[in-house]
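Hydrogens, waters and symmetry mates are skipped; everything else that's a heavy atom, side chains included, is used. No experiment lies behind these values; they were computed from the predicted model shown.
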Amino acid sequence: MPRLNTFRPGTRRGLTLVELLIVIVILGMVGSATFRVLNKQQQVYKDAAKQAAMQRELRITGSSFPQEMRSMSSAGGDIQDASENSITFLANIGSSIICGLPGGLNILLPPLNAAQVTLTNWYSQPVAGDQVFIYDDGPKSGSEDDVWIARDITSIDQRPATDCPGAPFTDLVNDAGKFRWRIGLGGGLPATVQPGTVVRFARPVRYSLYQSPASSEWYLGYEEQGPGGWSAIEPVGGPFRPYAAGDVQPSGVQLRYFDSLGVRITGNSVIDRRGISRVDVFLRTNAGLAAVTERRPNQVVDSLMMRVAIRNFK
């Protein structure tokens with residue numbers, strides 16, 4: 001005889017209150033663990049982003065700052081001030097050759113866009129108040145009497161193609177409509193300076209650690225001197241550690257100077273500055289407190305040290 005189906009829908013059991021509470025506790029534990037993992041990942045990502053930003057600033061600063069220092073001549077007096085947190089020197093802004101000596105306190109230069117070869121080149125046009133260094137080969141055939149003659153620029157203006165009209169400095173046809181440059185000098189030149197002499201242009205610039213009034217952060221700043229005085233300071237890289245005297249808590253930008261024998265120079269006289277052969281640059285960034293809980297209250301920091309040999313020391 002077949003067995004009757006005795007299942008009754010109304011008799012199916014649901015979750016009891018205890019089981020429901022257990023499920024809620026388990027879900028809460030899983031959710032809490034998931035939140036902690038996600039929060040930890042977010043903290044790690046924040047610190048990694050800060051670290052990447054600091055390394056970017058170090059790369060930018062480390063590529064631009066030393067490049068300008070290598071163009072100067074410490075023995076020639078280019079360094080005008082050298083302290084632990086700033087340096088002022090004559091930075092190279094261009095070069096050319098003399099294509100004519102029209103008389104008086106003037107020299108002539110070829111056009112910027114000469115057809116055959118570029119002999120005049122500058123990334124910032126010289127102005128009155130800048131300096132020009134003129135290479136004097138001297139009367140002797142050797143290099144023992146070769147010197148760079150420094151002169152202040154008193155004026156600069158464009159001249160027609162009738163100045164320096166042809167070879168070897170310009171093309172008589174292709175450069176006919178191009179302006180030449182006349183540079184007024186603050187002093188005369190010896191007779192040994194002739195057309196074909198190399199000249200280079202320089203302008204005082206200053207790199208220093210400064211505090212931004214807007215953010216109160218510390219940056220490596222750049223400014224240059226023009227006819228109206230020093231320009232407004234602009235940040236080159238940062239933020240860096242704040243200024244601090246001494247080596248107990250070093251500053252974010254620190255400069256140390258050495259002579260050709262590796263002896264540290266601590267003075268700032270003219271003789272001291274002319275003896276600088278190497279500059280050690282220390283950059284120490286600071287991105288603020290770490291986001292990762294276990295690292296608090298530590299700061300997210302990074303650093304870079306460079307040794308810059310003065311290329312034109314002698």
For F179, ring pair (Phe, Tyr, Trp, His ring centres under 6.0 Å) partners two or more places apart
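F179 satisfies ring pair (Phe, Tyr, Trp, His ring centres under 6.0 Å) with no other residue.
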
Listed partners of F65 passing ring pair (Phe, Tyr, Trp, His ring centres under 6.0 Å), at least two apart:
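Counting only residues at least two positions away or on another chain, F65 forms a ring pair (Phe, Tyr, Trp, His ring centres under 6.0 Å) with Y207.
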
Among the clusters formed by ILVMFWY side chains lying less than 4.5 Å apart, do [X] and [Y] turn up in the same one?
X	Y	value
V279	L261	no
I97	L101	no
F133	W181	no
I156	L112	yes
F89	L220	yes

Can you confirm whether I271 is buried at CD1, in the sense that more than 12 heavy atoms of other residues, nucleotides or ligands lie under 6.0 Å from that atom?
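Atom CD1 in I271 is not crowded, with 12 or fewer foreign heavy atoms closer than 6.0 Å.
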
Heavy-atom neighbours of Q67 CD exceed 12 at 6.0 Å
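No.
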
Return yes if some donor-acceptor pair links the side-chain N/O of [X] with the main-chain N/O of [Y] below 3.5 Å, else return no.
X	Y	result
S74	I276	yes
R284	S251	yes
S63	I60	yes
S32	G28	no
S303	L283	no
T197	V193	no
K178	N113	yes
Y257	S83	yes

Not counting sequence neighbours, which residues clear side-chain hydrogen bond (donor to acceptor under 3.5 Å, both in side chains) with S269? List them please.
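side-chain hydrogen bond (donor to acceptor under 3.5 Å, both in side chains) check on S269 returns D272.
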
With sequence neighbours excluded, residues passing side-chain hydrogen bond (donor to acceptor under 3.5 Å, both in side chains) with D137
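Expected list: none.
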
Report yes if the distance between the aromatic ring centroids of W218 and F240 is under 6.0 Å, otherwise no.
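Between F240 and W218, which both carry aromatic rings, the centre distance is not below 6.0 Å.
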
Should [X] and [Y] count as side-chain neighbours, where that means a heavy-atom distance under 4.5 Å?
X	Y	answer
V236	S64	yes
F258	V263	no
D136	W148	no
Q211	P242	no
R180	P110	no
L189	R151	yes
D280	M305	yes
N106	I183	no

Rounded at 0.5 Å granularity, tell me how far [atom1] in [X] sits from [atom2] in [Y].
X	Y	atom1	atom2	value
D146	T192	CG	OG1	9.5 Å
S155	L105	OG	CG	9.5 Å
D175	T170	CG	OG1	5.5 Å
F169	S96	CZ	OG	10.0 Å
I87	R273	CD1	CZ	10.0 Å
N268	I79	CG	CD1	9.5 Å

Give the minimum heavy-atom separation between [X] and [Y], together with the two atoms involved.
X	Y	value
N85	Q254	ND2-CA, 4.4 Å
L90	A202	CB-CB, 3.9 Å
E223	S208	OE2-OG, 4.3 Å
M306	P66	SD-CG, 3.6 Å
C99	L109	SG-C, 3.5 Å
R256	F282	CD-CE1, 3.7 Å

Hey, is R182 close enough to D157 for a salt bridge, meaning N to O under 4.0 Å?
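D157 and R182: salt-bridged.
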
In plain terms, say whether D78 and R200 are close enough for a salt bridge, that is, a side-chain N and a carboxylate O under 4.0 Å apart.
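Here D78 pairs with R200 in a salt bridge, since their nearest N and O are under 4.0 Å apart.
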
Would I310 and S277 count as a side chain to side chain contact (heavy atoms under 4.5 Å, CB included) if you check the C-alpha gap in whole Å, the side-chain angles of each, and the deciding distance to 0.1 Å?
CA-CA 5 Å; I310 306 302; S277 175; 5.6 Å; no

Within 45 degrees of the axis of the six-membered ring of W230 and under 6.0 Å from its centre: does R206 put its NZ or CZ there?
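Checked: cation-pi criterion met.
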
Kindly indicate, with the supporting measurements, whether the criterion side chain to side chain contact (heavy atoms under 4.5 Å, CB included) is fulfilled by L185 and V132.
CA-CA 8 Å; L185 307 178; V132 58; 3.6 Å; yes

If you apply the rule side-chain hydrogen bond (donor to acceptor under 3.5 Å, both in side chains), what do you find for D302 with T285, and how did you get there?
CA-CA 5 Å; D302 206 340; T285 56; 5.5 Å; no

Might you work through the side chain to side chain contact (heavy atoms under 4.5 Å, CB included) test for I98 and L108, ending with a clear yes or no?
CA-CA 6 Å; I98 297 175; L108 294 174; 5.8 Å; no

Please determine whether side chain to side chain contact (heavy atoms under 4.5 Å, CB included) holds for the pair D152 and Q131, giving the CA-CA distance in whole Å, both sets of side-chain angles, and the decisive distance to 0.1 Å.
CA-CA 5 Å; D152 292 330; Q131 283 194 307; 3.4 Å; yes

If you link I, L, V, M, F, W and Y whenever their side-chain heavy atoms are under 4.5 Å apart, who else ends up in the same group as I233?
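I233 clusters with Y210, Y219.
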
Would D130 and R203 count as a salt bridge (Lys or Arg N to Asp or Glu O under 4.0 Å) here? Give the steps.
CA-CA 5 Å; D130 289 339; R203 177 176 300 162; 2.8 Å; yes

Please list, chain by chain and in numerical order, all residues satisfying side chain to side chain contact (heavy atoms under 4.5 Å, CB included) with Q194, sequence neighbours excluded.
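For Q194, no residue satisfies side chain to side chain contact (heavy atoms under 4.5 Å, CB included) once neighbours in sequence are set aside.
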
